[in-house]
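Accompanying notes for the structure given below.
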Amino acid sequence: MSSTTSAAGHVQGRSEWVPTRDGRRLHAMVLPGPGAETGSEGENDGKSEGEGAGGTGAPTVVFEAGAAATRSSWALVQPAVGKWARAVVYDRSGLGRSPVDPDSRTMRRMADDLQDLLDHFGPGPYVLVGHSAGGPLVRLAAAGRLDRIRGLVLVDPTDEGAELLFGATFRRAERVAIAINLLLARLRLLGVAYGFVAKPLPEDARRDIRSDGFSVDVIRTQRAQARTFLDELRQFRDAPPELGDIPVTVISGGLTGAGMNQTTRRAANEAHARNAERSPCGKHVIAARSGHYVTLTEPDLVAEEIRLIADQRPDRAIRPLADPHTAIDPATIRPGDHWP
């Protein structure tokens, strides 16, 4: 097996470059799981193996970040998962350390990149975890190869069931937010506006996100993604990705904030509940102490739901759904926050 990380080093593991089908490269970081060979320091360009790469027989867990987020956004969840499974984070093209994509950033293209990453890391099985706009991406990628997917965990995902996403008001607000963030990035103030995202991270991940997570290229990539994202998401209403009977856990924030008032929070959580209900093995969980950034405020909850999915087998039973109206508490919207 090619080495992917070192025992002593970065909290998110060792860098590995993943080729895409059209010759681009995606930057990933890998925690190999217990019992794996750790190899030496540095970067790896080799092919990685699949199930059992961590020596435990557990599925590999792959994390997909939100619209303008990098691998660093998972720095509180990935290490917890890496204690028992191989755990992989990566930067989509144009985010973090991954070079900008010269082509359009459609949802289909991003899902294809994720499938290329899964091909690189072996036959699976995989648990895919997506936050915010990463939720629809992992659903679309999973539907293309259900045979290698153990299950999905969607963390406060952007959901086609929330009608307000497709109205003129939301789209205008999104354009304004991206324009403001682009200006802040050019002035090198974006990291100040989003300091609350970096603050709880481990020191090395905090350095990373401050170095490559608040750049002009990140916001330009977000803008490129946004050109088609909502229109493609709307198509899910008539033809959602077919996920068969794989387990799907949807985690909703229980609080407002990050651009979500009580109305948008309730709409999102009701959509999340319906999404979970569509799955024969669906589960809806409320992160009662969190707003949109559940990965930062309740990482242990996210890690535990991932473990529960990973432990499931083909004879899994249907699980009960949570009440989507639980813990919807008022809170102020933070300046600079953005949803999805």
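Hydrogens, waters and symmetry mates are skipped; everything else that's a heavy atom, side chains included, is used. Counting from 1, the numbers follow the sequence of the chain as shown. Computed from a predicted model, the values in this text were never measured in an experiment.
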*R307 with E304: basic N within carboxylate O range, under 4.0 Å*: yes
Using distance only, find each side-chain donor-acceptor pair of residues 70-82 under 3.5 Å and give its atom names and separation, not counting sequence neighbours.
{"residue": "T70", "atom": "OG1", "partner": "S72", "partner atom": "N", "Å": "3.3"}
{"residue": "R71", "atom": "NH1", "partner": "D91", "partner atom": "OD1", "Å": "3.4"}
{"residue": "R71", "atom": "NH1", "partner": "D91", "partner atom": "OD2", "Å": "2.8"}
{"residue": "R71", "atom": "NH2", "partner": "D212", "partner atom": "OD2", "Å": "3.0"}
{"residue": "S73", "atom": "OG", "partner": "T70", "partner atom": "O", "Å": "2.8"}
{"residue": "Q78", "atom": "OE1", "partner": "Q12", "partner atom": "NE2", "Å": "3.0"}
{"residue": "Q78", "atom": "NE2", "partner": "Q12", "partner atom": "O", "Å": "3.3"}
{"residue": "Q78", "atom": "NE2", "partner": "A87", "partner atom": "O", "Å": "3.0"}

_Flag for H131-T295: side-chain donor and acceptor within less than 3.5 Å_ = no
*asked:* Can you confirm whether V250 sits close enough to P157 that some side-chain heavy atom of one is under 4.5 Å from a side-chain heavy atom of the other?
replied: yes
*Over 12 foreign heavy atoms within 6.0 Å of CZ, R188*: no
*Could you tell me whether R265 and D156 have a side-chain N and a carboxylate O separated by less than 4.0 Å?*
yes
*Could you tell me whether a side-chain N or O of S98 sits under 3.5 Å from a main-chain N or O of H27, the two making a donor and an acceptor?*
yes
*Y293 ring center within less than 6.0 Å of F196 ring center*: yes
*Can you name the nearest heavy-atom pair linking K283 to A276, along with the distance?*
O-CB, 3.7 Å
*Would you call R92 and D101 a salt bridge, using N to O less than 4.0 angstrom?*
no
_Qualifying residues under side-chain hydrogen bond (donor to acceptor under 3.5 Å, both in side chains), relative to R139, sequence neighbours excluded_ = E160
*Between T264 and N261, a side-chain donor and acceptor under 3.5 Å*: yes
*Is the shortest distance from a Lys or Arg side-chain nitrogen in D119 or R21 to a carboxylate oxygen in the other one below 4.0 Å?*
no
*Would you indicate whether the side-chain heavy atoms of L201 and R210 approach each other to under 4.5 Å?*
no
*Residues, nucleotides or ligands: over 12 heavy atoms within 6.0 Å of R289 CZ*: no
*Ion pair check, D22 and R109, cut-off under 4.0 Å*: yes
